[in-house]
Amino acid sequence: MKFLKNIFTIALLLAVSSLYSQNFKPDSYTAVDVEEMNTWQLLKYDGLNALNGVGYSYLRPFNWQKNDFYRAGATGLLVGGLYTFDNESSDYFRRQEKDVPELIKDFGWYFGSPQNNYGVTAGIYAYGLIAKDPEWRRTGVLMISSATAGGLLQQILKTLTGRARPETDLGRNEFRPFSGESGFRSFPSGHTVLAFTTAYALAKHFDNPFVKAGIYTVGLISPVSRLWAGAHFLTDVVLSMAITIATVEAVDRYLDTRNGYGEKRYGTGKTGQNPKKMVFNITATTNTLGVTLNF
């Protein structure tokens, strides 16, 4: 009963955040307004945007363009191909574990664990907030919002799929939805979602390709460490990374519509200019009534 109650709570949070985010409006604050905010006001402003970012990420697929569907299709084909070798690839990674230094394995575990990962994320945001640095605040908000969205989603997907972990030796085709047992929570990989969310979001802060590559490399340690441990199949990790990238990109696009976060990433000029609205509009005349959802 407690297990089902937790799932209901998560589902309710997802629904509330999505419904709340449908009321997106152009930012009521200008960049100058944000610059003049005190620390407490900035905290409230960023908190609201983090919450809206969660909802926006869930609704983003409704606004996908042709290229987005191509990427989703390519990801599906890749995962489908890898699925046929899931047992073999898992055996390969598990055989490598004994040769991996304990320091690497420990880092992979701790960096992907919620309490440690959120500590890193909170620290980055705290720096941006105290320094009143719009770029670092954006990075912190991006991390918090994306990790929240991905964390909630992966908890529900774990329960719905109930995929057996490789360590159970039941094979790639064993699924027991709603079992609640830790051995049947292989997809998605929570460590992958949290660790790669942090890495992917942080890498956006830097322009240097070598710095980005280094951050991505660190972010991949947790996903690979879970393969070594037999906690996840390769397809679990790959699809978790795809979900992570899509989530971070969606939240980042939302932050482009808010003022006070520096330069846009997906357009030109400052953030907050020409925002894409996602809002219900109701029109009425003497004999018609219309409701539209604009993106």
Side-chain angles (χ1 to χ4, degrees), residues 17 21 24-57 107 110-151 193-222 244-245 247-275:
S17 62
S21 65
F24 289 143
K25 297 178 181 179
D27 200 341
S28 58
Y29 296 99
T30 67
V32 175
D33 292 333
V34 177
E35 289 177 3
E36 294 176 348
M37 289 180 178
N38 59 37
T39 302
W40 174 243
Q41 290 171 326
L42 283 175
L43 183 62
K44 292 193 294 183
Y45 177 78
D46 292 340
L48 178 61
N49 288 331
L51 177 61
N52 270 338
V54 172
Y56 186 91
S57 68
F107 177 84
Y110 286 110
F111 186 54
S113 298
Q115 63 273 23
N116 302 305
N117 190 273
Y118 291 150
V120 172
T121 298
I124 290 175
Y125 173 69
Y127 168 76
L129 180 65
I130 294 171
K132 292 189 175 182
D133 185 312
E135 296 291 346
W136 278 110
R137 279 180 36 251
R138 175 175 182 147
T139 299
V141 172
L142 178 60
M143 287 179 169
I144 293 170
S145 185
S146 300
T148 301
V193 169
L194 289 180
F196 205 68
T197 290
T198 299
Y200 192 74
L202 181 60
K204 282 180 167 288
H205 186 86
F206 301 96
D207 296 324
N208 189 305
F210 297 104
V211 174
K212 286 180 177 290
I215 295 173
Y216 291 148
T217 301
V218 172
L220 286 171
I221 295 177
S222 286
T244 292
I245 292 171
T247 302
V248 173
E249 291 291 338
V251 175
D252 206 27
R253 286 180 181 276
Y254 167 70
L255 293 179
D256 257 9
T257 71
R258 306 297 94 179
N259 286 309
Y261 288 125
E263 295 293 329
K264 284 187 175 183
R265 299 201 207 275
Y266 301 94
T268 58
K270 298 290 186 179
T271 53
Q273 295 177 352
N274 301 320

Is the side chain of Arg265 donor-acceptor paired with the backbone N or O of Lys204 at a distance under 3.5 Å, no angle test?
yes

Identify the two heavy atoms, one from Ala50 and one from Ser145, that lie closest to each other, and give their separation to 0.1 Å.
O-OG, 2.8 Å

Taking everything shown except Tyr118 itself, do over 12 heavy atoms lie less than 6.0 Å from its OH?
yes

Within a reach of under 6.0 Å around CG of Asp207, are more than 12 heavy atoms found that belong to other residues, nucleotides or ligands?
no

Looking at every heavy atom in both Gly112 and Ser222, which two are closest together, and how far apart are they?
N-OG, 3.4 Å

Taking every non-hydrogen atom, the tightest pair across Gly260 and Arg137
O-NH1, 3.3 Å

For atom CZ of Phe107, is the number of surrounding heavy atoms from other residues, nucleotides or ligands below 6.0 Å larger than 12?
yes

Do Phe111 and Leu194 come close enough that some side-chain heavy atom pair is under 4.5 Å?
no

Side-chain donor/acceptor pairs under 3.5 Å, residues 209-217, sequence neighbours excluded:
residue	atom	partner	partner atom	Å
Lys212	NZ	Ala203	O	2.7
Lys212	NZ	Phe206	O	2.8
Thr217	OG1	Ala213	O	2.8

Compare all side-chain heavy atoms of Arg258 with those of Tyr29 and state whether any distance is below 4.5 angstrom.
no

Could you check if a side-chain atom of His205 sits within less than 4.5 angstrom of a side-chain atom of Trp136, using non-hydrogen atoms only?
yes

Short side-chain donor-acceptor distance under 3.5 Å, Glu249 and Tyr200:
yes

side-chain hydrogen bond (donor to acceptor under 3.5 Å, both in side chains) contacts in which one or both residues fall within residues 119-131, not counting sequence neighbours:
Asp46-Tyr125

Lys264/Asp256 salt bridge by N-O under 4.0 Å criterion
no

So, do Leu48 and Asn52 sit near enough that their side-chain heavy atoms are less than 4.5 Å apart?
yes

Compare all side-chain heavy atoms of Ile245 with those of Phe196 and state whether any distance is below 4.5 angstrom.
yes

Listed by chain and number, what are the side-chain contact (heavy atoms from CB on, under 4.5 Å) partners of Thr30, not counting sequence neighbours?
Val32, Asp33

Do Asn259 and Lys270 have side chains that get closer than 4.5 Å, going by heavy atoms?
no

About how many Å separate OG1 of Thr257 and OH of Tyr266, when rounded to the nearest 0.5 Å?
12.0 Å

Is a side-chain N or O of Ser146 found less than 3.5 angstrom from the main chain of Met143, in a donor-acceptor match?
no

How many angstroms lie between atom OG1 of Thr39 and atom NZ of Lys44, to the nearest 0.5 angstrom?
12.5 Å

Tightest non-hydrogen contact, residues Leu255 and Asn49, listed as CD2-CB, 4.3 Å

Do Leu129 and Leu43 have side-chain heavy atoms sitting under 4.5 Å apart?
yes

Is a side-chain donor or acceptor of Arg138 paired with a backbone partner of Asp252 at a separation under 3.5 angstrom?
yes

Looking just at side-chain N and O atoms, do Tyr45 and Asp27 make a donor-acceptor pair shorter than 3.5 Å?
yes

Check Gly262 against Pro134 and note the closest heavy-atom contact, atom names and distance.
N-CB, 4.1 Å

Mind checking whether Thr247 and Thr197 have side chains closer than 4.5 Å, heavy atoms only?
no

